[in-house]
Amino acid sequence: MPAAREPFTSRDVVLALSLMGLGLALRAALWSGYGLGDDPILKAQFVAIIRDGRFIPDNQGYRVTWWLPTLISTRLFGINQLGLILPITLASTLAIGAVYAIGHQLYGRVGAVIAALLLVVHPFDVVWSTMLSSDYVCSLMSAITMWCVLRATSHPDVAVRRRAWIGAVIALLAAYHAKMSAAVLVIPIAVILLMRRRDLGRELWTAIGWGAALGGFVLVVYWALSGNPLAPLELEVRFQGLTGPNAVNRLATRGTFEIYPRMLFERGPTGDFVYGLYPHAFVVFLLLGWILKLRTAPEALWWLTVVFLAMELNVQRAEGQWVAGFRNVRHLHGIVYPLVLVLAGYLASLYRRWVPVGAVAIAGLMAMSLWEAVPLARSFGPTFHDRGTMAAELLKLQPGTITGDVAMHMRWDLDEWPATGWKYVELANSADARKAQLDAVTEGYVLTGMGQEPFYGCHPCIVRAAELPPDRFELLLELPGPDGDGPVWRPERARLWKVRSGSG
């Protein structure tokens, strides 16, 4: 499908800003906060910089595009949920505008509106964008890169094309410095250049020059600092445990390659489709598109295919074995924007051919996405809110020993509890192993019913109220929640108990 030549006017600016506002409102309404497993590690970076004046040299260190805006945000709002997560939510919101701009390049205004609407309600983009998920910054910069490339290969004005190439180079480097996997974008960019080779002019040398200069400078800086020009790759591999003798604990098996497809097409642990029905709709359009004479942009299709295969085939050879890093659901966020753009192409084609059918298809896909997004968000938010509320209530009490599970221990680290007078004892992961521990508690406080993160939390770690020895504890606080019939990650309401006087 050739690039659309429809002019981008003030009307498009208003539409894009309106859709961004709608997306931000939805994300704010379904705000989750922090509580993911890596949150204490990520927060520690900003504590080290702001309070200790040092930098932790882990695999987050090179991600300047993420931590620099977050550092500014934490300076303004504090090292708290708002300061840490706001840049991610804003990145998700800005991406709606970027996707609108790309959709306009590829399909005109109709396709741009469809693409942005699909992203506004996309379950994954809605839910994880209000948690500490730095992947959104990489995805935003990747989208800006692709928009610049499309503009540089289609705009009639040579000066505009030259500026777009400079923007593409800078945005690609920014994406790389949010997550080094963004380097795979050079493949769909090369394909776009091949597809549009007849439209290329001498301004392409601007991109080559800027790319060589900036890319070379970055490589020299990494070589000077670490002796390795590809230090980000080395850091990512090392901190995923994919080097040395321990690499054999990450063996790639057949099941490794089933993880991402299952995330796309099957319901997750919460019973919801994380990607809505977008992957299913994509397969339907892919199979029936040619029969119905519906088309989408091959540029977006190449982008989607390359990013997915790069994630799916991300395995390395170590210690004579093929190994693969942990495949978290948020790691696949890079396919969201090309996926909605591919669907937008098919839906725009359907809408132009049969307006009523296209309108129903668009509305139906959006409605089903919202149907998945709202309960998915509510699987995280209440659980994380319980932890914060309980931590705040504990600080009102006389300091002592708190006995609870790993989730509240993590919250203890996130809230940076005062050391004086407080101690946290983490319970075992199974009810049988916890029995002796709970029987031995003679003072302080015990937490039960504290929910876990739905996807990767330790659900057996949740301490049930029924596990407490009878008549030895008095109930101090009970938060709203399920009454023993909740989901596995939050089966009952959170409660705070205190050892009765003289019960020891």
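When reading the values below, keep in mind they use all heavy atoms of this one structure, side chains included, and skip hydrogens, waters and symmetry mates. Residues: numbered from 1 along the sequence shown.
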### Query
Is the closest side-chain donor-acceptor distance between W497 and T448 under 3.5 Å?
yes
### Query
Under the side-chain contact (heavy atoms from CB on, under 4.5 Å) criterion, do L264 and Y278 qualify, and how do the steps go?
CA-CA 9 Å; L264 290 171; Y278 292 14; over 6 Å; no
### Message
Does the plane of the ring in F455 sit parallel, tilted or perpendicular to the ring in W128? Use 30° and 60° as the thresholds.
### Response
perpendicular
### Task
Using a 4.5 Å cut-off on heavy atoms from C-beta on, say whether the side chain of L339 contacts that of F308.
no
#### Entry: Close side-chain approach of R330 and D38, heavy atoms under 4.5 Å
yes
## Note on the structure
Heavy-atom nearest pair, S32 first then Q81, reads O-OE1, 4.4 Å
### Task
Working to the nearest 0.5 Å, report the span between CG of L477 and CG of L496.
6.0 Å
### Over all atoms of both residues, closest heavy-atom pair of P123 and E372
CG-CB, 3.9 Å
### Task
Indicate yes or no for a side-chain donor-acceptor contact from E492 to the backbone of A465 under 3.5 Å, with no hydrogens or angles considered.
yes
#### Entry: CG-CD1 distance between L94 and I144, expressed to the nearest 0.5 angstrom
7.5 Å
### Query
Just by modelled atom types, is the I88 backbone N or O under 3.5 Å from a matching donor or acceptor in the S92 side chain?
no
### Query
Could you give the distance from CD (Q452) to OG1 (T383), rounded to the nearest 0.5 Å?
9.0 Å
### Task
Decide yes or no for K179 and H331: does some side-chain heavy atom of the first lie under 4.5 Å from some side-chain heavy atom of the second?
yes
### Query
Is any side-chain N of the basic residue among R495 and E478 closer than 4.0 Å to the acidic one's carboxylate O?
yes
#### Entry: Non-hydrogen side-chain atoms of E453 and W489 separated by less than 4.5 Å
no
## Note on the structure
Smallest heavy-atom separation, I462 atom then G451 atom, equals CD1-CA, 4.4 Å
### Message
Salt bridge or not between E258 and R327? Use side-chain N to carboxylate O under 4.0 Å.
### Response
no
### N/O donor-acceptor pair under 3.5 Å between S133 side chain and D135 backbone
no
Can I get a per-line list of side-chain donor-acceptor pairs under 3.5 Å for residues 68-80, giving both atom names and the distance, sequence neighbours left out?
{"unit_1": "T70", "atom_1": "OG1", "unit_2": "W66", "atom_2": "O", "d": "2.8"}
{"unit_1": "T70", "atom_1": "OG1", "unit_2": "W66", "atom_2": "NE1", "d": "3.4"}
{"unit_1": "S73", "atom_1": "OG", "unit_2": "G83", "atom_2": "O", "d": "2.7"}
{"unit_1": "T74", "atom_1": "OG1", "unit_2": "T70", "atom_2": "O", "d": "2.9"}
{"unit_1": "T74", "atom_1": "OG1", "unit_2": "L71", "atom_2": "O", "d": "2.9"}
{"unit_1": "N80", "atom_1": "OD1", "unit_2": "L82", "atom_2": "N", "d": "3.2"}
{"unit_1": "N80", "atom_1": "OD1", "unit_2": "G83", "atom_2": "N", "d": "2.9"}
{"unit_1": "N80", "atom_1": "ND2", "unit_2": "F77", "atom_2": "O", "d": "2.7"}

### Task
With side-chain contact (heavy atoms from CB on, under 4.5 Å) as the test, would you mind laying out the steps for L36 and L42 before giving the verdict?
CA-CA 10 Å; L36 299 177; L42 299 178; over 6 Å; no
### Query
Under a 4.5 Å cut-off applied to non-hydrogen side-chain atoms, are V336 and L119 in contact?
yes
### Query
Taking Y337 for the side chain and S142 for the main chain, is one N or O donor matched with an acceptor at less than 3.5 Å?
no
### Query
Are the side chain of T256 and the backbone N or O of T253 linked by a donor-acceptor pair below 3.5 Å?
yes
#### Entry: Closest non-hydrogen atom pair between A182 and L172, with its separation
O-CD1, 3.8 Å
### Message
For the OG atom of S369 and the CG atom of D125, what is their distance to the nearest 0.5 Å?
### Response
11.0 Å
### Query
If only atom types and distance count, is the side chain of R27 paired as donor or acceptor with the main-chain N or O of L90 below 3.5 Å?
no
### Query
What is the minimum heavy-atom distance between T89 and T130, and which atoms define it?
OG1-CA, 3.9 Å
### Message
How close do I102 and W147 get, counting heavy atoms only, and between which atoms?
### Response
CG1-CB, 3.6 Å
### Query
Is H385 atom NE2 crowded by more than 12 heavy atoms from other residues, nucleotides or ligands, each under 6.0 Å away?
no
### Query
If you round to the nearest 0.5 Å, how far is CG of D39 from CE of M131?
9.0 Å
### Task
Please lay out, stage by stage, how R434 and R464 fare under the test side-chain contact (heavy atoms from CB on, under 4.5 Å).
CA-CA 11 Å; R434 286 194 294 267; R464 305 296 186 99; 5.6 Å; no
#### Entry: Heavy-atom side-chain proximity of R51 to F46 below 4.5 angstrom
no
### Task
Assess the side chains of T270 and D272: does a donor N or O sit below 3.5 Å from an acceptor N or O?
yes
### Message
Please report whether the ring centroid of Y136 lies less than 6.0 Å from that of H122.
### Response
no
### W422, CH2: over 12 other non-hydrogen atoms inside 6.0 angstrom
yes
### Task
With the side chain counted from C-beta on, respond yes when H280 and F273 share a heavy-atom pair under 4.5 Å apart, and no when they do not.
yes
### Task
Say whether, by atom type as modelled, one donor and one acceptor occur between the side chain of Y346 and the main chain of V284 under 3.5 angstrom.
no
### Message
Working to the nearest 0.5 angstrom, can you tell me the gap between M390 CE and R411 CZ?
### Response
12.0 Å
### Message
One pair to check against side-chain contact (heavy atoms from CB on, under 4.5 Å): R387 and M410. What are the steps and the verdict?
### Response
CA-CA 10 Å; R387 298 180 193 172; M410 181 182 72; 3.2 Å; yes
### Message
Is it the case that the side chain of D405 and the backbone of M408 share a donor-acceptor pair, with hydrogens and angles ignored and the cut-off at 3.5 Å?
### Response
yes
### Message
Are the side chains of L347 and L365 in contact, using a 4.5 Å heavy-atom criterion?
### Response
yes
### Query
Between the main-chain N or O of V126 and the side-chain N or O of S129, is there a donor-acceptor pair closer than 3.5 Å?
yes
